There are 4 protein chains.
Amino acid sequence: MRGINKVTLIGNLGKDPEINILDGNVAVAKFSLATSETYRDKAGQAHTSTDWHSVVLWRGLAELAQAYLRKGSLVYLEGKLKTRHYDDAAGQRHYVTEIIGEQLLMLDKKPGEQLSPLAP
Amino acid sequence: MRGINKVTLIGNLGKDPEINILDGNVAVAKFSLATSETYRDKAGQAHTSTDWHSVVLWRGLAELAQAYLRKGSLVYLEGKLKTRHYDDAAGQRHYVTEIIGEQLLMLDKKPGEQLSPLAP
Amino acid sequence: MRGINKVTLIGNLGKDPEINILDGNVAVAKFSLATSETYRDKAGQAHTSTDWHSVVLWRGLAELAQAYLRKGSLVYLEGKLKTRHYDDAAGQRHYVTEIIGEQLLMLDKKPGEQLSPLAP
Amino acid sequence: MRGINKVTLIGNLGKDPEINILDGNVAVAKFSLATSETYRDKAGQAHTSTDWHSVVLWRGLAELAQAYLRKGSLVYLEGKLKTRHYDDAAGQRHYVTEIIGEQLLMLDKKPGEQLSPLAP
DNA sequence: TTTT
DNA sequence: TTTT
């Protein structure tokens, strides 16, 4: 049975994306994305709660991120959830859940806007 | 700025859900959900890849899970991503990403079907 | 500026799909899909409300529909909204909104299940 | 069987929203929303295709639209599809499909931005 | 016109 | 750990 594994986020980048070029000239971009929601407590007081998401983009989407995304950029992102694991020096297993991006929309890009280059 | 944090899954429970009743008679259900996709490699060979997701349901949805979901059940689940952390005995920080369910559809429930009780 | 145009439905076919083969051997399938929701009125009485959607599938998805979908089938469908128009004999313009399917999951397909052939 | 009926749009308003106040002081807002996508033809030429959607907002969301949305505004909208019908003077039945908004995000609102009042 |  |  096939299934559905889909994530939809609208939020802001916490930092500039980190770009790596792998063997075969394949680009990978990673960044944290913050999604915020506001809610009211029982006393009617408004609060903001923020969730952070680890995003990974491959190939063309990574190149888009390198060219157009910076700390603070507002994006729409669609992708799938993947959880991988590694074992630390003490032999403890760690799990890392990432969103592998499949569609990206830049929501605050001004046409022709000049961007500062990414730190190397 | 408010954002969007939304997950949509269709998949099968790996085991019976674990139910806990917290203070104030609040029910919580946890289970792993498998989403599978099939793809073809360069040789045209079909492969199945499965992702596992940690799902948490609260209150009414947890009671639904207790009453109607079992190992193997096929469900549609909508929710939001939350990542929490804890420090292990060696002082290493671990991150855990869960999907907090907000809408649930049972896709293989037969009307009047008799379910085995959950293990205590 | 690019945008997002996405529809997600889970529901049942009202009738068998209608299949047409166009020039160039391109298959098109059309069917109505019912999505139901239950709600409670102010008196606590449960009601069911049903919406009907016009679905259009092209090529491979149309062939899937021909082979595996029948009246009553339960499906997950993802697609985009398209509104087209035509003028009737009295010169009045009519608008028709359809969902062009992009992803289809059969949710009640039994493996190896034998299906009655579609009426010609 | 309950189902899923969900629409997700990101696009721009074609005109200022039309606001009506019904009996019981219930606000309704209506507007057309354009979603655009770019694609390349076989010759590699880029084209833009636009779809128009009829959006209806009720109560609090209608008041939000009145206060903050204008022609050209960029919004994220989630809602459900509803198709209603009416018969014209010639006795022909017309169908109208609308998106009943359930969640709205303003994607280009500057904090404190001054908006021109809606035409009465 | 579907389904529970 | 699921399912087809």
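Everything numeric in this text was worked out from a predicted model, so none of it was measured.
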With a 4.0 Å cut-off on heavy atoms, is C:T50 in touch with a base, just the backbone sugar-phosphate, or nothing at all?
-> base

Nearest-angstrom distance from the residue atom [atom1] of [X] to [atom2] of [N]:
X     : N     : atom1 : atom2 : answer
B:L33 : F:dT1 : CG    : P     : 16 Å
B:E18 : F:dT2 : CD    : C1'   : 16 Å
C:F31 : E:dT3 : CZ    : P     : 14 Å
B:D51 : F:dT1 : CG    : C1'   : 14 Å
B:H47 : F:dT3 : NE2   : P     : 22 Å
A:R2  : F:dT4 : CZ    : P     : 15 Å
B:E37 : F:dT3 : CD    : C1'   : 14 Å
C:Y39 : E:dT4 : OH    : C1'   : 16 Å

Charged N-O contact under 4.0 Å between A:R93 and A:D87 = yes

Considering only NZ, NE, NH1 and NH2 on the basic side and carboxylate oxygens on the acidic side, decide whether A:K6 and A:E102 come within less than 4.0 Å.
-> no

If we require ring centres under 5.5 Å and near-parallel planes under 30°, does C:W52 stack on E:dT2?
-> no

Looking only at heavy atoms, which two atoms of B:Y76 and B:L107 are closest? And how far apart?
-> N-CD1, 3.8 Å

Nearest heavy-atom approach of D:A65 to D:A29 is CB-CB, 4.0 Å

Quick check for you: among [options], whose closest atom lies nearest to any side-chain atom of [X]?
X     : options             : result
C:K15 : E:dT1, F:dT2, F:dT1 : E:dT1
C:S32 : E:dT2, E:dT1, F:dT1 : E:dT1
C:S36 : E:dT1, F:dT1, E:dT3 : E:dT3

Pick the nucleotide of DNA chain F nearest each of B:T38 and B:H53; which residue has the one closer to the 5' end?
-> B:H53

Table please: side-chain donor-acceptor pairs of residues 51-61 of chain D below 3.5 Å, with sequence neighbours left out.
residue	atom	partner	partner atom	Å
D:D51	OD1	C:K82	NZ	3.4
D:D51	OD2	C:K82	NZ	3.0
D:H53	NE2	D:T35	OG1	2.9

